[in-house]
Amino acid sequence: MNQLILSSPSSSGCSGYSHLNLQQTHQLHAHFIKTQFHNPHPFFSQSHFTPEANYNLLISSYTNNHLPQASLNCYLHMRTNDAAAALDNFILPSLLKACAQASSADLGRELHGFAQKNGFASDVFVCNALMNMYEKCGCLVSASLVFDKMPERDVVSWSTMLGCYVRSKAFGEALRLVREMQFVGVKLSGVALISLIGVFGNLLDMKSGRAVHGYIMRNVGDEKMEVSLTTALIDMYCKCECLASAQRLFDRLSKRSVVSWTVMIKGCIRSCRLVEGAKNFNRMLEEKLFPNEITLLSLITECGFVKTLDLGKWFHAYLLRNGFGMSLALVTALIDMYGKCGQVGYARALFNGVEKKDVKIWSALISAYAHVSCMDQVFNLFLEMLDNEVKPNKVTMVSLLSLCAEAGTLDLGKWTHAYINRHGLEVDVILETALINMYVKCGDVTIARSLFDEATQRDIHMWNAMMAGFSMHGCGKEALELFSEMESHGVEPNDITFISIFHACSHSGLVVEGKKHFNRMVHNFGIVPKMEHYGCLVDLLGRAGHLEEAHNIIENMPMRPNTIIWGALLAACKLHKNLALGEVAARKILELDPQNCGYSVLKSNIYASAKRWNDVTSVRETMSHLGMKKEPGLSWIEVNGSVHHFKSGDKTCTQTTKVYEMVAEMCIKLREAGYTPNTAEVLLNIDEEEKESALSYHSEKLAMAFGLISTAPGTPIRIIKNLRICDDCHAAMKLLSKIYARTIIVRDRNRFHHFSEGYCSCLGYW
DNA sequence: ATAGGGTTAG
């Protein structure tokens, strides 16, 4: 044992001293406490012993046994006993590793200062450990500063820095570093290659990922790295939704680790191959490999991602049955999974069972409530969290913002934005995108655009959010301009980008542009059109009246069209009053989904517009026979930070009398302006709002009346509706905007309508 | 090598 004590630093740079196993460590500690660190333990030879050696051995042992706090306590003990001066470049990495494990940025910085004062700041091992420490504590900038100042670097320094960038999701920086490595002639180590594969997996860039795969096949013969490199490749293929390639690699892998299995099963779940995932899990157990905590964390998280409650519950049961301690991370993952599956009850129960709660667990519960749109609970929980002196982080704020976006509550969204600024929370790409998305969905594209322009970093998601914003607001031209701007920035569009582009074209009548971009998507960008893209194309052509061409697309698309595709055609037939084709579409929809009530209604509307009243009645009778229910129409408006909901004919509002008086006034003024309710139109649109309430009491009109009585003259009125706005309300809103000199911004299920001076921004495309 | 958050036709 003696010769172990002062062995030379290992190449990892983090375990300069040898270490003991957990049991020995505890023994050693007990001995030191008894002797105040001044007598040697039997592990030491007398001649080598110093009190500092006791500390050092203890520190490296605790760190390597993943007890960072114990390790750091030893350091604090050293400091109070004036023994810290004995720290050298061999033990510093071990302490820094403990700081990383415990996320103690303050102690880490202190040790950095110590290293600088004592001439260890240019030691390669110390620097490598510093980089890791800073990154794990969330200070990527400090990590790269350390790297930049290093007088000399070894292979580990380069791959450490690369790993830091990848873990912090700074993929652009990571790629820049790889280019620099190639430029200065540093060969990519196995570890560096793993990080590089991670970059492409996260960027969903399979082309480059495949290239790295090829490079490895040709250049890497290191057998020690086989399993980890292949595992990284499997993960990359899974993330890029190429399960077949992943499975092939996995099957050929000579030795599989728990991580290989984890990654493979995770990939199955992500691609919704649940049975295969479960089978693989059992195969893993049969091969006597057992899941660790991270395995379960990953799999449970993945269940949330694809919203598979059953499998999620199964893993929950598995960990209970197999004696996994309920760590904070596991509970958080479970809360997150239940939240994404819409099971707030389970999420809440798990949350209540936790004694000491951190930001992550609070954020997970908040996002669970956000998923089911519980505005009050979300903001109350947020305040409760602050009362408990837990500080929110960027992830918490993203949840709040996406709820504000969904609910369209601009005031609350602005409050959240202000909170971020007031508390100096770091705004990264994701948070910035969440802000842009919030402003877009709350109806303020101008602020969204300025945030977008000022953003220091833009990824594809942010570009997409901004383009989707323009398309929702009917700004087709702006969306297309942004697309070419993105191209000139060299950012590759993805499938989602094109959905926004087609949507934008469709809502601005840009048929030629839309078709052109469909071709570019396929031929220039190599994106295989999905069902969604064909849906957009049908909508684009149909809206513009090219019904036959749209029908042709459906007949010739490579997959079986779903109800949504036929629904787009049916809606176009209704718009252009093509009864024959409409019937074809309606029949297809009912074949595919006999329970689908929306389309039954649409079908009856087509009959109504052709004045075939007997057919209308028969469709209605079939519907009530099958017990089909429509989604009730709902509108809401935010005034002074609180949200007021209205159903059609609603009388539950506290100011009901005033609201209905206002509606009466609106009706009189509308009639004076020459407006008559269009009863034919009513029939055409009963799909969207219950028929029993008269037109005047449609939910958006009630919300409008409420807005008029509770906001200052001249301020814009913002209304959100869960269904499509009906023709009648649309016509009324145009006039109302003029009568009351208000800008009215209505977000319906499809898009925004900006009413002003008697006009609507949608120009009939909706 | 596996571990929270953002973008998606009708």
Side-chain angles (χ1 to χ4, degrees), chain A residues 163 166-167 169 190-191 193-195 197-198 201 225 227-236 238 257-267 291-302 304 329-330 332-333 335-336 359-361 363-364 366-367 370 393-402 405 428-438 440 459-469 471 494-503 506-507 530-540 542-543 562-572 598-599 602 724 749-751:
Chain A
V166 175
R167 275 191 301 275
K169 300 194 188 297
V191 177
L193 282 167
I194 288 169
S195 295
I197 297 165
M225 295 302 294
V227 181
S228 41
L229 272 172
T230 312
T231 302
L233 285 168
I234 293 172
D235 188 42
M236 184 273 294
C238 284
S257 68
V258 180
V259 183
S260 328
W261 282 100
T262 304
V263 165
M264 194 62 236
I265 299 168
K266 207 166 80 101
N292 58 26
E293 187 175 314
I294 299 177
T295 306
L296 287 164
L297 276 173
S298 317
L299 299 184
I300 290 167
T301 306
E302 215 53 46
L330 270 176
T332 308
I335 290 176
D336 186 63
V359 218
K360 291 185 185 182
I361 200 162
S363 305
I366 288 175
S367 101
N393 62 14
K394 43 191 179 184
V395 180
T396 326
M397 303 323 271
V398 168
S399 290
L400 298 186
L401 286 170
S402 38
D428 63 2
V429 224
I430 296 184
L431 187 50
E432 194 78 70
T433 306
L435 281 167
I436 291 171
N437 182 44
M438 182 276 289
V440 156
D459 65 1
I460 181 65
H461 302 289
M462 194 186 277
W463 286 96
N464 283 353
M466 196 62 238
M467 265 181 264
S471 83
N494 62 14
D495 51 338
I496 291 165
T497 316
F498 283 101
I499 287 176
S500 294
I501 289 298
F502 301 147
H503 190 209
S506 172
H507 284 273
K530 293 186 179 174
M531 187 81 87
E532 289 90 330
H533 297 108
Y534 287 106
C536 291
L537 197 56
V538 169
D539 183 56
L540 173 77
R543 249 177 231 280
N562 61 10
T563 52
I564 296 171
I565 301 268
W566 286 112
L569 184 66
L570 181 55
Y599 297 125
L602 207 48
R724 255 187 70 171
R749 200 184 50 195
N750 284 352
R751 59 165 292 158

Which nucleotide in [options] has an atom nearest any side-chain atom of [X]:
X	options	result
N562(A)	dT2(B), dG4(B), dA9(B)	dA9(B)
L297(A)	dA1(B), dT7(B), dA3(B)	dA3(B)
A465(A)	dA9(B), dA1(B), dT7(B)	dT7(B)
I499(A)	dG6(B), dT8(B), dG4(B)	dT8(B)
T262(A)	dG5(B), dT2(B), dG6(B)	dT2(B)
D428(A)	dT7(B), dG5(B), dA9(B)	dG5(B)
V395(A)	dG5(B), dG6(B), dT2(B)	dG5(B)
S298(A)	dA9(B), dG5(B), dT2(B)	dT2(B)
V398(A)	dT2(B), dA9(B), dG6(B)	dG6(B)
S257(A)	dA1(B), dA9(B), dG4(B)	dA1(B)

> Which of parallel (below 30°), tilted (30 to 60°) and perpendicular (above 60°) describes F498(A) and F502(A)?
Replying inline: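 Taking F502(A) first and then F498(A), their aromatic rings sit tilted (interplane angle of 30° to 60°).
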Mind checking [X] for me? I need base, sugar-phosphate or nothing, with any heavy atom below 4.0 Å counting as a touch.
X	answer
S228(A)	base
V429(A)	base
M467(A)	nothing
I194(A)	sugar-phosphate

To the nearest angstrom, how far is [X] atom [atom1] from [N] atom [atom2]?
X	N	atom1	atom2	answer
K530(A)	dT8(B)	NZ	P	14 Å
R749(A)	dT8(B)	CZ	P	16 Å
D495(A)	dT7(B)	CG	C1'	11 Å
R167(A)	dA1(B)	CZ	C1'	11 Å
W566(A)	dA9(B)	CH2	P	22 Å
F498(A)	dT7(B)	CZ	P	20 Å
N292(A)	dA1(B)	CG	P	14 Å
N464(A)	dT8(B)	CG	C1'	8 Å

>> Once side-chain contact (heavy atoms from CB on, under 4.5 Å) is applied, do any residues pair with H461(A), and if so which ones, sequence neighbours excluded?
In response: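 D459(A).
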> Can you find a donor-acceptor N/O pair under 3.5 angstrom joining the side chain of N393(A) to the base of dG5(B)?
Replying inline: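 Checked by distance alone, the answer is no.
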> Considering all heavy atoms of both residues, which atom of V263(A) and which atom of I234(A) are nearest to each other, and what is their separation?
Replying inline: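 Minimum heavy-atom separation between V263(A) and I234(A): CG1-CG2, 3.8 Å.
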> OP1 or OP2 of dT7(B) less than 4.0 angstrom from a side-chain nitrogen or oxygen of N437(A), does that happen here?
Replying inline: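 It does, given that an N or O in the side chain of N437(A) lies less than 4.0 Å from OP1 or OP2 of dT7(B).
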> Would you say a side-chain N or O of K266(A) is under 4.0 Å from OP1 or OP2 of dA3(B)?
Replying inline: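 For K266(A), the contact criterion (side-chain N or O under 4.0 Å from OP1 or OP2 of dA3(B)) is met.
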>> Using 0.5 Å steps for rounding, measure from the CG atom of L570(A) to the CH2 atom of W566(A).
In response: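 The CH2 atom of W566(A) is 10.5 Å from CG of L570(A), to the nearest 0.5 Å.
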>> K169(A): which residues meet the salt bridge (charged side-chain N to carboxylate O under 4.0 Å, His left out) condition with it, sequence neighbours left out?
In response: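 With neighbours one apart ignored, the set is empty.
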>> If only side-chain N and O atoms count, and only distance matters, is there a donor-acceptor pair under 3.5 Å linking S257(A) with S260(A)?
In response: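 Result is yes, a qualifying pair exists.
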